[in-house]
Amino acid sequence: MQTIIEPFRIKSVEPIYFNTAAERKIILEKAFYNPFLIHSNDVLIDLLTDSGTSAMSSNQWAGIMQGDESYAGSPSFFRFEKTIQDITGMPIVIPTHQGRAAEKILFSILGGPGKYIVSNTLFDTTRANIEFSGAAGVDLICEAGKHPTIPAPFKGNMDVDALEKFIAEKGAANIPLCMITVTNNSGGGQPVSMQNIKDVKKICSANNIPLFIDACRFAENAWFIKLREAGYANKPVPEIVRELFSYADGCTMSAKKDAFANIGGFLAMHNEALAKQCRNLLIMTEGFPTYGGLAGRDLEAIAIGLTEVMDEHYLQYRIRSIEYLTNKLIAAGVPVMQPAGGHAVYLVADEFLPHIRVDQYPGQALVGALYEHGGIRSVEIGSLMFGKYNEDGKLIPAALELVRLAIPRRVYTQSHIDYVAEVIIEVFNKRDAIKGLTIIEEAPTLRHFTAKLKPVASAIATNETETPKQFSSISIQ
Ligand SMILES: *Cc1c(COP(=O)(O)O)cnc(C)c1O
(Lines give C-alpha, C1' and ligand atoms only; values in the text may rest on other atoms or scores of the structure.)
Protein backbone atom coordinates (compact mmCIF):
# COMPACT_ATOMS: atom_id res chain seq x y z
CA MET A 1 0.00 0.00 0.00
CA GLN A 2 1.22 3.52 -0.73
CA THR A 3 2.02 5.90 2.12
CA ILE A 4 -1.01 7.81 3.32
CA ILE A 5 0.24 11.39 2.99
CA GLU A 6 -0.77 14.49 4.91
CA PRO A 7 -3.66 15.83 2.82
CA PHE A 8 -2.43 19.43 2.95
CA ARG A 9 0.48 21.67 2.05
CA ILE A 10 1.99 24.03 4.62
CA LYS A 11 1.72 27.76 3.94
CA SER A 12 2.69 29.23 7.28
CA VAL A 13 5.01 27.74 9.89
CA GLU A 14 5.79 28.24 13.58
CA PRO A 15 9.24 27.64 15.07
CA ILE A 16 9.94 24.94 17.64
CA TYR A 17 12.27 26.17 20.39
CA PHE A 18 14.88 23.59 21.32
CA ASN A 19 16.23 23.06 24.82
CA THR A 20 18.31 20.38 26.50
CA ALA A 21 17.35 17.60 28.88
CA ALA A 22 19.36 19.33 31.63
CA GLU A 23 17.36 22.53 31.11
CA ARG A 24 14.09 20.60 31.04
CA LYS A 25 14.90 18.87 34.32
CA ILE A 26 14.97 22.29 36.01
CA ILE A 27 11.89 23.52 34.14
CA LEU A 28 9.96 20.42 35.26
CA GLU A 29 10.96 20.89 38.87
CA LYS A 30 9.92 24.56 38.75
CA ALA A 31 6.58 23.50 37.23
CA PHE A 32 6.02 21.11 40.17
CA TYR A 33 5.94 18.11 37.83
CA ASN A 34 2.67 19.37 36.36
CA PRO A 35 2.67 19.73 32.54
CA PHE A 36 -0.04 22.39 32.72
CA LEU A 37 2.43 24.64 34.56
CA ILE A 38 5.15 24.41 31.87
CA HIS A 39 5.40 27.33 29.43
CA SER A 40 4.68 26.16 25.89
CA ASN A 41 7.89 27.77 24.56
CA ASP A 42 9.73 25.22 26.67
CA VAL A 43 8.01 22.31 24.89
CA LEU A 44 9.36 20.69 21.69
CA ILE A 45 6.38 18.57 20.70
CA ASP A 46 3.19 19.60 22.45
CA LEU A 47 0.80 16.68 22.80
CA LEU A 48 -0.92 18.04 25.91
CA THR A 49 -4.19 18.26 24.06
CA ASP A 50 -5.82 18.26 20.65
CA SER A 51 -8.13 20.98 21.98
CA GLY A 52 -7.88 24.35 20.27
CA THR A 53 -4.49 23.39 18.85
CA SER A 54 -5.56 22.58 15.28
CA ALA A 55 -4.01 24.28 12.28
CA MET A 56 -6.74 26.22 10.53
CA SER A 57 -7.11 26.00 6.77
CA SER A 58 -6.70 28.90 4.34
CA ASN A 59 -10.48 28.76 3.96
CA GLN A 60 -10.98 29.16 7.69
CA TRP A 61 -8.60 32.13 7.73
CA ALA A 62 -10.56 33.64 4.85
CA GLY A 63 -13.70 33.08 6.93
CA ILE A 64 -12.07 34.93 9.81
CA MET A 65 -11.84 38.02 7.60
CA GLN A 66 -15.49 37.69 6.65
CA GLY A 67 -16.70 37.49 10.23
CA ASP A 68 -19.46 39.99 10.88
CA GLU A 69 -19.18 41.38 14.38
CA SER A 70 -22.72 42.73 14.74
CA TYR A 71 -24.04 42.24 18.27
CA ALA A 72 -27.33 40.75 17.11
CA GLY A 73 -28.38 38.88 13.98
CA SER A 74 -24.93 38.59 12.38
CA PRO A 75 -24.85 36.66 9.07
CA SER A 76 -21.90 34.75 10.56
CA PHE A 77 -24.29 33.33 13.16
CA PHE A 78 -26.77 32.25 10.54
CA ARG A 79 -24.03 30.44 8.58
CA PHE A 80 -22.92 28.77 11.82
CA GLU A 81 -26.50 27.83 12.71
CA LYS A 82 -27.32 26.44 9.26
CA THR A 83 -24.13 24.34 9.13
CA ILE A 84 -24.88 22.75 12.50
CA GLN A 85 -28.54 22.23 11.66
CA ASP A 86 -27.49 20.45 8.45
CA ILE A 87 -24.90 18.28 10.20
CA THR A 88 -26.97 17.33 13.25
CA GLY A 89 -30.54 17.64 12.05
CA MET A 90 -31.20 19.60 15.25
CA PRO A 91 -33.16 22.83 14.74
CA ILE A 92 -31.91 24.76 17.80
CA VAL A 93 -28.29 25.91 17.90
CA ILE A 94 -26.82 27.86 20.82
CA PRO A 95 -23.21 29.08 20.51
CA THR A 96 -20.96 28.99 23.57
CA HIS A 97 -17.33 29.94 24.10
CA GLN A 98 -16.26 26.33 24.83
CA GLY A 99 -17.72 22.90 25.31
CA ARG A 100 -17.73 23.27 29.08
CA ALA A 101 -19.84 26.42 28.85
CA ALA A 102 -22.46 24.35 27.03
CA GLU A 103 -22.18 21.72 29.76
CA LYS A 104 -22.45 24.32 32.50
CA ILE A 105 -25.68 25.67 31.03
CA LEU A 106 -27.18 22.23 30.40
CA PHE A 107 -26.41 20.83 33.84
CA SER A 108 -27.40 23.99 35.69
CA ILE A 109 -30.86 23.26 34.31
CA LEU A 110 -31.00 19.45 34.33
CA GLY A 111 -28.65 18.63 37.22
CA GLY A 112 -29.14 19.09 40.95
CA PRO A 113 -28.93 17.02 44.13
CA GLY A 114 -30.35 13.49 43.96
CA LYS A 115 -30.01 13.34 40.15
CA TYR A 116 -27.84 10.97 38.12
CA ILE A 117 -26.36 11.66 34.70
CA VAL A 118 -25.46 8.36 33.03
CA SER A 119 -22.83 8.02 30.35
CA ASN A 120 -20.37 5.69 28.65
CA THR A 121 -17.65 7.84 30.23
CA LEU A 122 -18.01 11.49 31.17
CA PHE A 123 -15.15 13.79 30.26
CA ASP A 124 -13.56 15.59 33.20
CA THR A 125 -15.18 19.01 32.62
CA THR A 126 -18.54 17.33 32.03
CA ARG A 127 -18.29 15.39 35.26
CA ALA A 128 -17.16 18.52 37.12
CA ASN A 129 -20.16 20.51 35.87
CA ILE A 130 -22.53 17.68 36.79
CA GLU A 131 -21.04 17.34 40.27
CA PHE A 132 -20.99 21.12 40.77
CA SER A 133 -24.78 21.11 40.24
CA GLY A 134 -25.10 18.54 43.03
CA ALA A 135 -25.88 15.64 40.68
CA ALA A 136 -23.81 12.49 40.34
CA GLY A 137 -22.09 11.41 37.14
CA VAL A 138 -22.21 7.68 36.40
CA ASP A 139 -19.93 5.94 33.89
CA LEU A 140 -21.33 2.70 32.46
CA ILE A 141 -18.61 1.69 30.01
CA CYS A 142 -18.84 -1.69 28.30
CA GLU A 143 -16.63 -4.54 29.50
CA ALA A 144 -14.25 -4.25 26.51
CA GLY A 145 -13.58 -0.62 27.46
CA LYS A 146 -12.15 -1.71 30.81
CA HIS A 147 -9.23 -3.63 29.32
CA PRO A 148 -6.88 -1.13 27.73
CA THR A 149 -4.50 -3.53 26.00
CA ILE A 150 -7.07 -5.96 24.58
CA PRO A 151 -8.26 -4.78 21.14
CA ALA A 152 -11.97 -4.54 20.29
CA PRO A 153 -13.69 -2.46 17.60
CA PHE A 154 -15.98 -0.30 19.76
CA LYS A 155 -14.51 0.03 23.21
CA GLY A 156 -16.36 3.31 23.78
CA ASN A 157 -19.75 1.59 23.87
CA MET A 158 -22.05 2.00 26.82
CA ASP A 159 -22.98 -1.15 28.76
CA VAL A 160 -26.68 -1.36 27.89
CA ASP A 161 -27.45 -4.03 30.51
CA ALA A 162 -25.86 -1.89 33.18
CA LEU A 163 -27.89 1.07 31.92
CA GLU A 164 -31.17 -0.84 32.23
CA LYS A 165 -30.20 -2.08 35.67
CA PHE A 166 -29.21 1.39 36.81
CA ILE A 167 -32.48 2.90 35.61
CA ALA A 168 -34.45 0.16 37.38
CA GLU A 169 -32.47 0.76 40.57
CA LYS A 170 -32.52 4.56 40.75
CA GLY A 171 -35.74 5.30 38.88
CA ALA A 172 -35.99 7.07 35.53
CA ALA A 173 -37.35 10.16 37.27
CA ASN A 174 -33.96 10.69 38.90
CA ILE A 175 -32.08 10.43 35.63
CA PRO A 176 -32.64 13.67 33.70
CA LEU A 177 -30.13 12.85 30.97
CA CYS A 178 -28.06 10.15 29.36
CA MET A 179 -24.92 11.36 27.62
CA ILE A 180 -22.78 9.42 25.16
CA THR A 181 -19.28 10.78 24.57
CA VAL A 182 -18.06 10.21 20.98
CA THR A 183 -15.32 9.24 20.75
CA ASN A 184 -14.76 8.32 24.37
CA ASN A 185 -11.97 10.74 25.28
CA SER A 186 -11.32 9.59 28.85
CA GLY A 187 -11.56 5.95 27.76
CA GLY A 188 -8.83 6.15 25.13
CA GLY A 189 -10.52 7.98 22.25
CA GLN A 190 -12.32 4.74 21.49
CA PRO A 191 -15.38 4.85 19.24
CA VAL A 192 -19.02 4.09 19.97
CA SER A 193 -20.89 1.97 17.42
CA MET A 194 -24.07 3.12 15.71
CA GLN A 195 -25.77 -0.02 17.05
CA ASN A 196 -24.85 0.95 20.61
CA ILE A 197 -26.22 4.47 20.15
CA LYS A 198 -29.44 2.95 18.77
CA ASP A 199 -29.69 0.50 21.68
CA VAL A 200 -29.12 3.22 24.25
CA LYS A 201 -31.66 5.46 22.55
CA LYS A 202 -34.24 2.68 22.71
CA ILE A 203 -33.77 2.24 26.46
CA CYS A 204 -33.79 6.01 27.02
CA SER A 205 -36.97 6.46 24.98
CA ALA A 206 -38.74 3.68 26.88
CA ASN A 207 -37.89 5.51 30.10
CA ASN A 208 -38.44 9.08 28.89
CA ILE A 209 -34.80 9.99 29.40
CA PRO A 210 -33.36 12.41 26.84
CA LEU A 211 -30.16 11.29 25.10
CA PHE A 212 -27.46 13.86 24.42
CA ILE A 213 -24.25 13.31 22.54
CA ASP A 214 -21.00 14.86 23.75
CA ALA A 215 -20.05 15.38 20.13
CA CYS A 216 -16.49 16.74 20.37
CA ARG A 217 -15.10 14.07 18.01
CA PHE A 218 -18.17 13.14 15.99
CA ALA A 219 -16.30 12.94 12.66
CA GLU A 220 -13.53 10.72 14.02
CA ASN A 221 -16.21 8.46 15.51
CA ALA A 222 -18.08 8.36 12.20
CA TRP A 223 -14.89 7.31 10.40
CA PHE A 224 -14.48 4.37 12.78
CA ILE A 225 -18.08 3.36 12.12
CA LYS A 226 -17.36 3.47 8.40
CA LEU A 227 -14.24 1.32 8.85
CA ARG A 228 -15.51 -1.15 11.40
CA GLU A 229 -19.29 -1.47 11.48
CA ALA A 230 -21.19 -3.67 9.03
CA GLY A 231 -23.27 -1.75 6.52
CA TYR A 232 -21.38 1.55 6.64
CA ALA A 233 -18.34 0.96 4.40
CA ASN A 234 -19.96 2.65 1.39
CA LYS A 235 -21.84 5.40 3.21
CA PRO A 236 -20.47 8.94 2.94
CA VAL A 237 -19.29 10.31 6.31
CA PRO A 238 -21.86 13.17 6.42
CA GLU A 239 -24.60 10.55 6.11
CA ILE A 240 -23.15 8.49 8.96
CA VAL A 241 -22.85 11.65 11.06
CA ARG A 242 -26.44 12.60 10.33
CA GLU A 243 -27.66 9.14 11.36
CA LEU A 244 -25.59 9.28 14.55
CA PHE A 245 -27.18 12.57 15.56
CA SER A 246 -30.65 11.40 14.53
CA TYR A 247 -30.84 9.21 17.66
CA ALA A 248 -30.07 12.12 19.98
CA ASP A 249 -32.27 14.74 21.54
CA GLY A 250 -29.40 17.17 21.73
CA CYS A 251 -25.66 17.56 21.87
CA THR A 252 -22.86 19.55 23.41
CA MET A 253 -19.77 20.28 21.38
CA SER A 254 -16.35 21.76 21.81
CA ALA A 255 -15.40 23.38 18.51
CA LYS A 256 -11.79 23.15 19.68
CA LYS A 257 -11.78 19.49 18.63
CA ASP A 258 -13.47 18.31 15.42
CA ALA A 259 -14.19 21.83 14.17
CA PHE A 260 -10.50 22.80 13.78
CA ALA A 261 -11.20 26.02 15.69
CA ASN A 262 -9.03 27.58 18.36
CA ILE A 263 -12.04 28.44 20.52
CA GLY A 264 -15.77 27.82 20.58
CA GLY A 265 -18.52 25.36 21.24
CA PHE A 266 -22.26 24.94 21.07
CA LEU A 267 -25.38 23.30 22.36
CA ALA A 268 -27.89 21.93 19.86
CA MET A 269 -31.24 20.33 20.57
CA HIS A 270 -34.81 19.68 19.53
CA ASN A 271 -36.68 20.74 22.66
CA GLU A 272 -37.77 24.40 22.54
CA ALA A 273 -38.76 24.58 26.23
CA LEU A 274 -35.30 23.42 27.32
CA ALA A 275 -33.67 25.75 24.77
CA LYS A 276 -35.54 28.71 26.27
CA GLN A 277 -34.06 27.98 29.69
CA CYS A 278 -30.62 27.51 28.13
CA ARG A 279 -30.80 30.85 26.33
CA ASN A 280 -31.78 32.64 29.56
CA LEU A 281 -28.61 31.34 31.21
CA LEU A 282 -26.61 31.98 28.05
CA ILE A 283 -27.45 35.68 28.06
CA MET A 284 -26.29 35.94 31.67
CA THR A 285 -23.04 34.02 31.33
CA GLU A 286 -22.01 33.91 27.65
CA GLY A 287 -23.77 36.51 25.56
CA PHE A 288 -26.65 37.21 23.22
CA PRO A 289 -27.96 34.03 21.51
CA THR A 290 -26.55 34.97 18.08
CA TYR A 291 -22.95 35.07 19.30
CA GLY A 292 -22.91 33.37 22.72
CA GLY A 293 -19.41 34.18 23.91
CA LEU A 294 -17.80 34.08 20.47
CA ALA A 295 -16.73 36.66 17.93
CA GLY A 296 -18.39 36.59 14.52
CA ARG A 297 -15.08 35.47 13.02
CA ASP A 298 -15.01 32.44 15.32
CA LEU A 299 -18.49 31.45 14.18
CA GLU A 300 -17.22 31.53 10.58
CA ALA A 301 -14.10 29.48 11.35
CA ILE A 302 -16.18 26.86 13.18
CA ALA A 303 -18.78 26.59 10.41
CA ILE A 304 -16.06 26.03 7.80
CA GLY A 305 -14.11 23.63 10.03
CA LEU A 306 -17.17 21.50 10.72
CA THR A 307 -17.54 20.90 7.00
CA GLU A 308 -13.82 20.28 6.38
CA VAL A 309 -13.57 17.68 9.14
CA MET A 310 -15.88 15.29 7.29
CA ASP A 311 -13.51 15.09 4.30
CA GLU A 312 -12.59 11.41 3.96
CA HIS A 313 -8.99 12.04 2.88
CA TYR A 314 -8.53 14.05 6.03
CA LEU A 315 -10.15 11.41 8.26
CA GLN A 316 -8.18 8.59 6.69
CA TYR A 317 -4.92 10.48 7.31
CA ARG A 318 -6.00 11.53 10.80
CA ILE A 319 -6.90 8.07 12.08
CA ARG A 320 -3.95 6.47 10.27
CA SER A 321 -1.44 8.85 11.89
CA ILE A 322 -2.60 7.85 15.39
CA GLU A 323 -2.43 4.19 14.40
CA TYR A 324 1.07 4.69 12.95
CA LEU A 325 2.45 5.89 16.28
CA THR A 326 0.52 3.25 18.23
CA ASN A 327 1.88 0.44 16.05
CA LYS A 328 5.47 1.63 16.39
CA LEU A 329 5.10 1.51 20.16
CA ILE A 330 3.44 -1.90 20.13
CA ALA A 331 6.33 -3.24 18.03
CA ALA A 332 8.77 -2.01 20.70
CA GLY A 333 6.81 -3.69 23.49
CA VAL A 334 5.51 -0.45 25.03
CA PRO A 335 2.15 -0.98 26.78
CA VAL A 336 -0.40 1.11 24.89
CA MET A 337 -4.15 1.22 24.63
CA GLN A 338 -5.29 -1.00 21.76
CA PRO A 339 -6.50 -0.52 19.19
CA ALA A 340 -5.42 3.06 18.45
CA GLY A 341 -8.02 5.67 19.32
CA GLY A 342 -9.14 8.60 17.22
CA HIS A 343 -7.19 11.56 18.51
CA ALA A 344 -4.49 10.30 20.81
CA VAL A 345 -2.14 7.53 21.78
CA TYR A 346 -2.60 6.32 25.33
CA LEU A 347 0.25 4.74 27.24
CA VAL A 348 -0.82 2.32 29.95
CA ALA A 349 1.17 3.88 32.74
CA ASP A 350 0.76 1.25 35.46
CA GLU A 351 2.12 -1.40 33.08
CA PHE A 352 4.85 0.92 31.80
CA LEU A 353 5.93 1.67 35.39
CA PRO A 354 4.86 -1.35 37.45
CA HIS A 355 7.29 -0.36 40.21
CA ILE A 356 5.36 2.83 40.99
CA ARG A 357 2.37 2.51 43.32
CA VAL A 358 -0.92 3.98 42.13
CA ASP A 359 -0.88 6.50 44.99
CA GLN A 360 2.46 7.72 43.67
CA TYR A 361 0.86 8.49 40.33
CA PRO A 362 2.68 6.41 37.69
CA GLY A 363 0.93 8.34 34.91
CA GLN A 364 2.13 11.71 36.14
CA ALA A 365 5.63 10.30 36.67
CA LEU A 366 5.67 9.11 33.06
CA VAL A 367 4.46 12.50 31.83
CA GLY A 368 7.45 14.08 33.59
CA ALA A 369 9.88 11.53 32.16
CA LEU A 370 8.72 12.11 28.57
CA TYR A 371 9.09 15.84 29.00
CA GLU A 372 12.50 15.67 30.60
CA HIS A 373 13.90 13.16 28.14
CA GLY A 374 12.50 14.50 24.86
CA GLY A 375 10.60 17.73 25.48
CA ILE A 376 7.28 16.01 24.77
CA ARG A 377 4.31 17.29 26.72
CA SER A 378 1.54 14.80 27.47
CA VAL A 379 -1.16 14.52 30.11
CA GLU A 380 -2.06 12.00 32.78
CA ILE A 381 -5.55 10.52 32.55
CA GLY A 382 -5.56 8.45 35.68
CA SER A 383 -5.68 8.84 39.42
CA LEU A 384 -4.39 12.40 39.45
CA MET A 385 -7.22 13.45 37.15
CA PHE A 386 -9.98 11.22 38.51
CA GLY A 387 -8.78 9.95 41.90
CA LYS A 388 -10.83 10.64 44.99
CA TYR A 389 -10.17 10.17 48.70
CA ASN A 390 -12.06 7.93 51.08
CA GLU A 391 -12.99 9.00 54.60
CA ASP A 392 -9.55 8.05 55.89
CA GLY A 393 -7.88 10.21 53.26
CA LYS A 394 -6.72 7.20 51.27
CA LEU A 395 -6.69 7.47 47.51
CA ILE A 396 -9.53 5.78 45.62
CA PRO A 397 -7.76 5.28 42.30
CA ALA A 398 -9.20 5.80 38.82
CA ALA A 399 -10.20 2.75 36.78
CA LEU A 400 -7.24 3.21 34.42
CA GLU A 401 -3.79 4.81 34.71
CA LEU A 402 -3.18 6.30 31.28
CA VAL A 403 -0.92 8.90 29.74
CA ARG A 404 -2.48 10.61 26.76
CA LEU A 405 -0.46 11.89 23.84
CA ALA A 406 -3.08 13.90 22.01
CA ILE A 407 -2.22 14.70 18.41
CA PRO A 408 -3.20 18.22 17.32
CA ARG A 409 -5.04 18.24 13.99
CA ARG A 410 -2.97 19.04 10.86
CA VAL A 411 -0.04 20.34 12.97
CA TYR A 412 2.75 17.75 13.13
CA THR A 413 4.30 15.79 10.27
CA GLN A 414 5.40 12.19 10.14
CA SER A 415 8.97 13.01 11.22
CA HIS A 416 7.65 14.69 14.37
CA ILE A 417 5.70 11.53 15.11
CA ASP A 418 8.79 9.35 14.44
CA TYR A 419 10.68 11.47 16.97
CA VAL A 420 7.89 11.00 19.53
CA ALA A 421 8.07 7.22 19.08
CA GLU A 422 11.87 7.27 19.56
CA VAL A 423 11.60 9.28 22.77
CA ILE A 424 8.91 7.02 24.26
CA ILE A 425 10.92 3.90 23.44
CA GLU A 426 14.09 5.38 24.95
CA VAL A 427 12.21 6.25 28.13
CA PHE A 428 10.68 2.77 28.18
CA ASN A 429 14.16 1.24 28.06
CA LYS A 430 15.20 3.29 31.12
CA ARG A 431 11.89 3.04 32.95
CA ASP A 432 13.22 1.47 36.14
CA ALA A 433 14.87 4.75 37.12
CA ILE A 434 11.64 6.78 37.02
CA LYS A 435 10.34 7.77 40.45
CA GLY A 436 6.80 8.16 41.76
CA LEU A 437 5.36 11.51 42.82
CA THR A 438 3.53 12.86 45.80
CA ILE A 439 1.08 15.78 45.84
CA ILE A 440 2.07 18.85 47.83
CA GLU A 441 -0.84 21.10 46.84
CA GLU A 442 -4.20 20.48 45.14
CA ALA A 443 -7.58 22.09 44.39
CA PRO A 444 -10.89 20.48 45.40
CA THR A 445 -12.10 20.02 41.79
CA LEU A 446 -10.21 19.35 38.52
CA ARG A 447 -7.06 19.13 40.60
CA HIS A 448 -4.84 17.92 37.75
CA PHE A 449 -4.82 21.38 36.18
CA THR A 450 -3.13 23.08 39.12
CA ALA A 451 -1.76 20.37 41.44
CA LYS A 452 1.84 20.71 42.61
CA LEU A 453 3.87 17.54 43.04
CA LYS A 454 7.33 16.38 43.99
CA PRO A 455 9.23 13.12 43.49
CA VAL A 456 9.24 10.53 46.26
CA ALA A 457 12.59 9.67 47.74
CA SER A 458 13.15 6.30 46.11
CA ALA A 459 12.68 5.08 42.55
CA ILE A 460 11.03 1.88 43.75
CA ALA A 461 7.82 2.46 45.69
CA THR A 462 7.79 0.50 48.90
CA ASN A 463 5.38 -0.45 51.57
CA GLU A 464 6.51 0.73 54.97
CA THR A 465 7.26 -2.86 55.95
CA GLU A 466 9.76 -3.38 53.17
CA THR A 467 13.34 -2.21 53.16
CA PRO A 468 13.65 0.78 50.82
CA LYS A 469 15.94 0.15 47.88
CA GLN A 470 18.51 2.78 47.03
CA PHE A 471 19.45 3.77 43.52
CA SER A 472 22.58 5.61 42.57
CA SER A 473 21.11 6.94 39.31
CA ILE A 474 17.73 8.56 39.56
CA SER A 475 17.87 10.68 36.46
CA ILE A 476 16.77 9.39 33.08
CA GLN A 477 18.39 11.86 30.72
C1 LIG B 1 -12.71 18.96 25.39
C2 LIG B 1 -13.89 18.19 25.79
C3 LIG B 1 -14.94 18.81 26.47
C4 LIG B 1 -14.90 20.24 26.95
O5 LIG B 1 -14.71 21.16 25.92
P6 LIG B 1 -13.90 22.54 26.17
O7 LIG B 1 -14.06 23.27 24.87
O8 LIG B 1 -12.50 22.18 26.48
O9 LIG B 1 -14.57 23.24 27.29
C10 LIG B 1 -16.04 18.02 26.75
N11 LIG B 1 -16.11 16.74 26.40
C12 LIG B 1 -15.10 16.11 25.75
C13 LIG B 1 -15.23 14.68 25.36
C14 LIG B 1 -13.96 16.82 25.42
O15 LIG B 1 -12.97 16.20 24.79
Side-chain angles (χ1 to χ4, degrees), residues 36 47-54 84 94-108 111 117-132 137 139 141 145 155-158 177-192 197 212-222 224 244-245 248 250-268 282 285-286 292-294 298-299 301-302 305-306 309 318 322 341-346 378-381 385-386 400 402 404-409 445-446 448-449:
F36 289 99
L47 308 182
L48 183 70
T49 176
D50 63 324
S51 177
T53 53
S54 300
I84 294 162
I94 299 172
T96 59
H97 80 277
Q98 287 201 204
R100 71 195 67 186
E103 293 162 2
K104 170 82 181 156
I105 288 170
L106 187 64
F107 294 117
S108 300
I117 311 295
V118 290
S119 172
N120 50 346
T121 310
L122 296 160
F123 183 63
D124 58 355
T125 59
T126 322
R127 174 173 286 280
N129 275 303
I130 290 166
E131 290 177 356
F132 190 76
D139 294 342
I141 187 73
K155 294 171 76 169
N157 281 356
M158 201 165 174
L177 195 78
C178 173
M179 191 153 209
I180 296 187
T181 312
V182 302
T183 56
N184 187 16
N185 187 359
S186 307
Q190 298 291 323
V192 180
I197 294 172
F212 268 54
I213 307 271
D214 179 338
C216 296
R217 298 177 182 80
F218 70 95
E220 289 169 3
N221 200 94
F224 282 117
L244 188 152
F245 282 114
C251 69
T252 58
M253 170 85 188
S254 168
K256 302 174 74 172
K257 320 288 171 57
D258 262 358
F260 300 119
N262 303 124
I263 196 73
F266 59 84
L267 259 169
L282 183 85
T285 57
E286 293 283 296
L294 291 170
D298 299 325
L299 297 169
I302 293 166
L306 284 171
V309 79
R318 169 74 176 158
I322 315 291
H343 67 291
V345 174
Y346 293 73
S378 54
V379 68
E380 191 251 24
I381 300 205
M385 187 179 274
F386 290 119
L400 301 172
L402 303 173
R404 187 186 74 179
L405 301 131
I407 313 295
R409 294 169 183 78
T445 52
L446 296 174
H448 55 289
F449 285 130

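Because the structure is predicted, anything quoted here is derived from the model rather than measured. Atoms within each ligand, like the ligands themselves, are counted from 1 in listed order.
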**Request:** List the steps, then state whether side-chain contact (heavy atoms from CB on, under 4.5 Å) holds for Leu106 with Leu177.
**Result:** CA-CA 10 Å; Leu106 187 64; Leu177 195 78; 3.8 Å; yes
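- Geometrically, Lys257 engages Phe123 in a cation-pi contact defined by less than 6.0 Å to the ring centre and at most 45° from the axis.
- Contact check for Phe224 versus Val192: no side-chain heavy atoms found under the 4.5 Å cut-off.
- The ring pair (Phe, Tyr, Trp, His ring centres under 6.0 Å) test applied to Phe218 returns Phe245, not counting sequence neighbours.
- Evaluated for a side chain to side chain contact (heavy atoms under 4.5 Å, CB included) with His343, the options Thr49, Asp50, Ile407, Leu405 yield exactly one hit, Asp50.
- Every protein residue with a heavy atom nearer than 4.0 Å to ligand 1 is included here: Gln98, Gly99, Arg100, Glu103, Phe123, Thr125, Thr126, Thr181, Asn185, Asp214, Cys216, Arg217, Ser254, Lys256, Lys257.
- Residues Leu306 and Asp258 fail the side-chain proximity criterion, which asks for heavy atoms closer than 4.5 Å.
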